[in-house]
Amino acid sequence: MTVKTTRQRAQEWVEERLGLDSVQEFMSHKTVPVHSSTLWYYFGGITLFLFVIQVLTGVLLLLYYRPTPAEAYESVQFIVTRVQFGWLVRSIHSWSANLMILAAFIHMFSIVFLRAYRRPREVTWLSGVALLGLALGFGFSGYLLPWNTVSYFATKVGTDMAASVPYVGNFLARFLRGGDEVGGATLTRFFGFHVAVLPGLATLCLVVHLVLVQKFGISSPPRVEAEYRRKGTPIPQMPFFPNFFLRELMAWYGALGVLGALAALFPWELGEKADPFVSAPAGIRPEWYFLAPFYTLKLIPSHVWIFEGELLGLFGFGVLALCWIALPFWGTEREKQDRTRWATALGICLLLYLVSFSLLGYYR
Amino acid sequence: MIVFCRKLAFLFLFLGMLAVRNLEAKDSCVECHLALEDNLQAPALAFTADVHQHRGFTCVDCHGGDSSQDDPEASMNRSRGFAGKFKRVDVPKMCARCHSDANLIHKYKPQQRVDQYAQYQTSVHGKRIASGDAAAANCVDCHSVHDIREVKDPRSPVYPLRLPETCARCHADQSHMGKYKIPTNQFSEYRKSVHWEALAKRGDISAPNCASCHGNHGATPPQVGSVAAVCGTCHTMFEDLYRKSPHQTAFADMGMGGCVVCHGNHAVLKPSGKMLVGPQAVCDQCHEADSSGGKSAVEMADLLGRLESSLQRSDEILAVARRSGMEVSEALLRQQEGKETLVKARVAVHAFQVAQVAAPVNEGMKISTETYQAGVVALKERGFRRMGLGFSLLAILVTMGGLWMTIRSIESKPSNNNGGEL
């Protein structure tokens, strides 16, 4: 008769209730393809890491933040001046929001260029695009919360754009603002979206995304598959745990270092308190990730032929977004072989457009 | 046939309307003068931009005559009230016919004043015109003629931003001013002043121009006794302090004109503490260095200098803190209050009492010490943050190094390498 140690008994107790052996079994067989583009696989994890930082710092900010026009600015000022390490928490929250969106964009474009959206990963792609949309929603709603001049007028411009959507524009603008103008109701609403609605939706999409990534594994690019098919050897694989996981951990530490350096050397500015009765300051512009469409709409004349310029711009963005979302569904299986070139071309054009117009929007 | 008659009736009606319209618009003055050349054509051309024309007045309202007649003999007949070109000395009286008539003027502009001619008669210009000096300025010299525009029109020669140049047309002209023995450097001096800077460079139409101090229609040089009152129109607190100061009586006794003794008249420069002591000082014009007045000037300059440098020191440290991303908005707000005390101290100089200057200076020094301390604390905090960052980055790098070594160690064992290229 063998005598079980305390550790063994504890493991059995846990196994009986949680069944972690199956997870361990799954993890031990999970692998990651190794090729010249493996580096891009880390950006999904970095985005997730930054999202977790967002949640943690957001919860800390919630302890002091008050979502009313009379108190919002002062409460953020209190956080950054009086609360111990409040400046660090606020700065990390703001910087990690921006880095998360940057990492999400890099992840998305790497998926497009590595063709990782192909069958059977269509739903993984859709959940990823939804997550990016939610991240932009987090950015838009969170931008208003400090209730400073820049955020107030940027929200005014943003919700005005929503108002120009045909048929539903007025309803949409009123829904976002909670009235005819950006005010206290808008702040409360945006706070609600930022801390309850969007996190709920994001968690749902994230669970779907991660479950599907585990189910279908990590995709290899078609060119790598073809290369190894020609060689007659399987694509080299790296065990996910611990080899890839430890590398991912290194990437997270790197991201943490960058985040800490940015937060300490360039603390996020608070600006001036919003005053709805003064005119908008010159050079008002949204966050960098909205700059490209913002600058494009500025360039479009007020009327193009019989159409309203802004409306035409929004319609164009809508069509482009639909094409982008529907990327995995372009054409039949056979046609897809040719159309992947079009997807790459679209990806390159979109990337060039976003970079160049964001820079133009920032410097002009 | 009925259709033809109807068309004919419409044609006659149309021609009849045209004829009536022509009769109404008949102005033989403009018609003939437009057909002439040079000086005879110019008034008719210019009149299209004139405010009087826009309000329905015509040539005959000033010049008399009958503009409904095509024959020049008939239209410009003395028997029909034709006055022709006015003598320069008669122009003000002619303008006053309407502009002194409240019943008439208020039909067009209910708020418009009608005392211009009465004021003009009190002015140096008006008095000279009345004495028969045709070279003195009359209405059209300032307001222009035949293309007169409202004062609020930026193209008008009396629009605030253009007024100094309009006055200078005569007052900077040596040939014009020579016979009156009036200097001609006022405009060039004025262009050095803070008033000109505000008016011309910042485009502030409320900034003082010639008329603000000299009056417009009643233009006259301020007398020695009234200088402080003139400056005090805008600089109220300065005038109040000056009137209570010992300088008021002293300057009056010496026949000196208040503010201008120290600040000059047309070239009013930006004042500073340097006016109290040093090479640009004005106090030593009257006060010996070892006299009570001389000593007070030194003390006041010292007080102002101390506050200025203290505020500047706080400005510098707060700017560095702000550039480093430190939150110092509360200190900056307090610093503004400190700067207000400096303004108060500079104003208090006009009481010429050291104690009155010392009060705001002491308050300002207290504030600037506070703000400087806030800057020191912010920079200390910046140092702490950077040190924290350094340690954190070091810890992160060590951890990353450890992770890398762990990975190398795992992958160096053949059983852990699934044959892949790592």
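Letters go in sequence order (proteins before strands), and every chain restarts at 1.
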* To do: Flag yes if more than 12 heavy atoms outside Gln11(A) fall under 6.0 Å of its CD atom; otherwise flag no.
  => yes
* Asked: Does the gap between the ring centers of Tyr41(A) and His35(A) come in under 6.0 Å?
  -> yes
* **Any donor-acceptor N/O pair, Ser310(B) side chain to Leu307(B) backbone, under 3.5 Å** => no
* Asked: For Phe26(A), does the CZ atom have more than 12 heavy-atom neighbours from other residues, nucleotides or ligands under 6.0 Å away?
  -> yes
* To do: Spell out the residues in residues 371-380 of chain B that have some non-hydrogen atom less than 4.5 Å away from a non-hydrogen atom of chain A, in order of number; otherwise answer 'none'.
  => none
* **Ring geometry between Phe240(A) and Phe245(A) (parallel below 30°, tilted from 30 to 60°, perpendicular above 60°)** => tilted
* To do: Name the region of Tyr253(A), side chain, backbone, both or neither, that has any atom closer than 4.5 Å to a heavy atom of chain B.
  => both
* Just wondering, are more than 12 heavy atoms of other shown residues or ligands nearer than 6.0 Å to CD in Glu269(A)? -> no
* To do: Mark yes or no for whether Asp240(B), through its side chain, and Thr236(B), through its backbone, hold a donor-acceptor pair below 3.5 Å.
  => no
* For chain B, which residues from residues 81-104 of chain A lie under 4.5 Å away (heavy-atom distances)? -> Thr81(A), Arg82(A), Phe85(A), Trp87(A)
* Which of parallel (below 30°), tilted (30 to 60°) and perpendicular (above 60°) describes His350(B) and His263(B)? -> parallel
* In terms of side-chain heavy atoms, does Glu308(B) have a donor or acceptor partner in Gln312(B) at a distance below 3.5 Å? -> no
* To do: Mark yes when over 12 heavy atoms from residues, nucleotides or ligands other than Phe191(A) sit less than 6.0 Å from its CZ; otherwise mark no.
  => yes
* Asked: Given the rule in the salt bridge (charged side-chain N to carboxylate O under 4.0 Å, His left out) test, do Arg115(A) and Glu225(A) qualify, once you have shown the distances and angles that lead to the verdict?
  -> CA-CA 12 Å; Arg115(A) 314 250 194 283; Glu225(A) 282 175 355; over 6 Å; no
* Asked: More than 12 foreign heavy atoms under 6.0 Å from NZ of Lys270(B): is that the case here?
  -> no
* Got more than 12 heavy atoms from elsewhere within 6.0 Å of OH, Tyr64(A)? -> no
* Among residues 382-395 of chain B, which residues come closer than 4.5 Å to chain A, judged by heavy atom distances? -> Phe384(B), Arg385(B), Arg386(B), Leu389(B), Leu393(B)
* **Pro69(A) side chain near Trp147(A) side chain, heavy-atom distance below 4.5 Å** => yes
* Check the surroundings of atom CZ in Arg322(B): do more than 12 heavy atoms from other residues, nucleotides or ligands lie under 6.0 Å from it? => no
* Would you find more than 12 non-hydrogen atoms of other residues, nucleotides or ligands less than 6.0 Å from Trp40(A) atom CH2? -> no
* Structure fact -> Those residues of residues 326-341 of chain B that come under 4.5 Å of chain A on a heavy-atom basis, listed by number, are Glu327(B), Ser329(B), Glu330(B)
* Asked: Could Lys156(A) and Phe153(A) be counted as a cation-pi pair, given that NZ or CZ must be under 6.0 Å from the ring centre and within 45° of the axis?
  -> no
